[in-house]
Novice: 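I'd like to ask you about the structure that follows.
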Amino acid sequence: MRQLLLSAFEPFAGELINPSIEAARAVAKLEFPDTAVNLVELPVERYRAVDIAIARMRSIEPEIMIMLGLAGGRFRINPERVAINVDDFRIPDNAGNQPLGEPIIADGPAGYFSTLPIQAIADRLKEANVPAAVSNTAGTYLCNRLFYSVMHYIAVERVTTAAGFIHLPYLHEQTVNKESELPSMSLATIVEGVRLAVEVSLSPPRVTTN
Ligand code: PCA
C-alpha cells in the first residue's frame with residue numbers, strides 16, 4: 001500500500017469551523033487505488049502543530065504529504081509554491097503565541113519549494129471547474145510555519161516524502177454573517193478539489209513545471 005498523509009487544522013481566529021478539517025475528513029473516507037489515506041488533525045498552536053505532524057510522519061513514513069489550511073479571503077484553492085523561514089503572526093495562535101519577525105529555524109535556508117506537482121494540481125482542478133491557482137505566498141502564520149518545518153525535516157533527515165501545502169478559501173457558512181464582502185466556496189467543491197489534488201499527487205504527469 002502507498003501511504004499518503006493529509007494534515008488539517010482546527011478552527012482559529014474565533015471561527016467555529018475550518019474547511020481544512022472538514023475537507024480532509026471527507027477525503028480520508030474516499031478510496032484511492034492501492035493507497036492508504038492517513039489523516040492528522042492539528043491544533044493551531046505554534047509548537048504542538050509541528051511536533052504532532054512530524055511525529056506522524058515518522059511513524060507513517062508517507063510517500064506523499066499534503067498539508068491543508070484555511071486562508072480566509074482567497075478566491076480559489078491555492079497550491080502553495082514556497083514556504084519561507086519567518087514566523088510573523090498577525091494574530092495570536094490558539095495558545096496565545098504571537099512571534100513577530102522571528103526565524104522558524106535559526107540559520108535555516110530562506111525557503112523551501114513544494115515538491116508536489118503544484119501546476120498540474122491547479123490545472124486539473126480548473127479542468128474540473130474548481131477554481132484554483134498556484135500561490136506564491138503561504139503567508140507568515142502557522143500554515144507557512146508547518147509547511148517550512150515539514151520541508152526542513154524532509155531535507156535534514158533525507159526522507160523521500162513529496163510534500164506541500166494547499167490553502168483553501170472560507171466555506172460559505174463562514175462568510176454569510178460577516179459584515180465585509182468575502183469570497184467563499186462550498187464544502188462539496190473544496191472536497192472535490194482536495195480529492196483531485198490527491199489524485200494528481202499520486203500520479204503526477206511526467207513533465208511538470210513547478
Ligand atoms: N490557516 C492558518 C493556520 C491554520 C489554518 O487553517 C494559516 O494560513 O496560517
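As the structure lists them, so they are numbered: ligands from 1, and atoms in each ligand from 1. Remember, it's a predicted structure, so these values are computed and weren't measured experimentally.
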Novice: Residues two or more places apart in sequence or in another chain: which of them pass salt bridge (Lys or Arg N to Asp or Glu O under 4.0 Å) with Glu127?
Specialist: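 Testing Glu127 for salt bridge (Lys or Arg N to Asp or Glu O under 4.0 Å), a comparison that skips the adjacent residues, returns Arg124.
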Novice: I'd like a table of the close N/O pairs between ligand 1 and the protein (anything under 3.5 Å), one pair per line with both atom names and the distance.
Specialist:
{"from": "ligand 1", "atom 1": "1 (N)", "to": "Leu70", "atom 2": "O", "distance (Å)": "2.8"}
{"from": "ligand 1", "atom 1": "6 (O)", "to": "Asn18", "atom 2": "ND2", "distance (Å)": "2.9"}
{"from": "ligand 1", "atom 1": "6 (O)", "to": "Leu70", "atom 2": "N", "distance (Å)": "2.9"}
{"from": "ligand 1", "atom 1": "8 (O)", "to": "Leu70", "atom 2": "O", "distance (Å)": "3.2"}
{"from": "ligand 1", "atom 1": "8 (O)", "to": "His167", "atom 2": "NE2", "distance (Å)": "2.8"}
{"from": "ligand 1", "atom 1": "9 (O)", "to": "Leu142", "atom 2": "N", "distance (Å)": "3.3"}
{"from": "ligand 1", "atom 1": "9 (O)", "to": "Cys143", "atom 2": "N", "distance (Å)": "2.8"}

Novice: Is the shortest side-chain N to carboxylate O distance from Asp34 to Arg2 below 4.0 Å?
Specialist: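 A salt bridge is absent here (no side-chain N lies under 4.0 Å from a carboxylate O).
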Novice: Residues two or more places apart in sequence or in another chain: which of them pass side-chain hydrogen bond (donor to acceptor under 3.5 Å, both in side chains) with Ser149?
Specialist: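 Listed in chain order: nothing, the list is empty.
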Novice: Checking Arg76 now: which residues fulfil side-chain hydrogen bond (donor to acceptor under 3.5 Å, both in side chains) with it, not counting sequence neighbours?
Specialist: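 If we apply the side-chain hydrogen bond (donor to acceptor under 3.5 Å, both in side chains) test to Arg76, skipping adjacent residues, there are no hits.
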Novice: Assess whether a salt bridge exists between Arg56 and Glu41, defined as any Lys/Arg side-chain N lying under 4.0 Å from an Asp/Glu carboxylate O.
Specialist: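 Looking at Glu41 together with Arg56, the answer is no, because their closest N to O distance does not fall below 4.0 Å.
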Novice: Report the relative orientation of the aromatic rings in Phe89 and Tyr141; use parallel for angles under 30°, tilted for 30 to 60°, perpendicular for over 60°.
Specialist: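 If you compare the ring of Phe89 with that of Tyr141, the planes turn out perpendicular.
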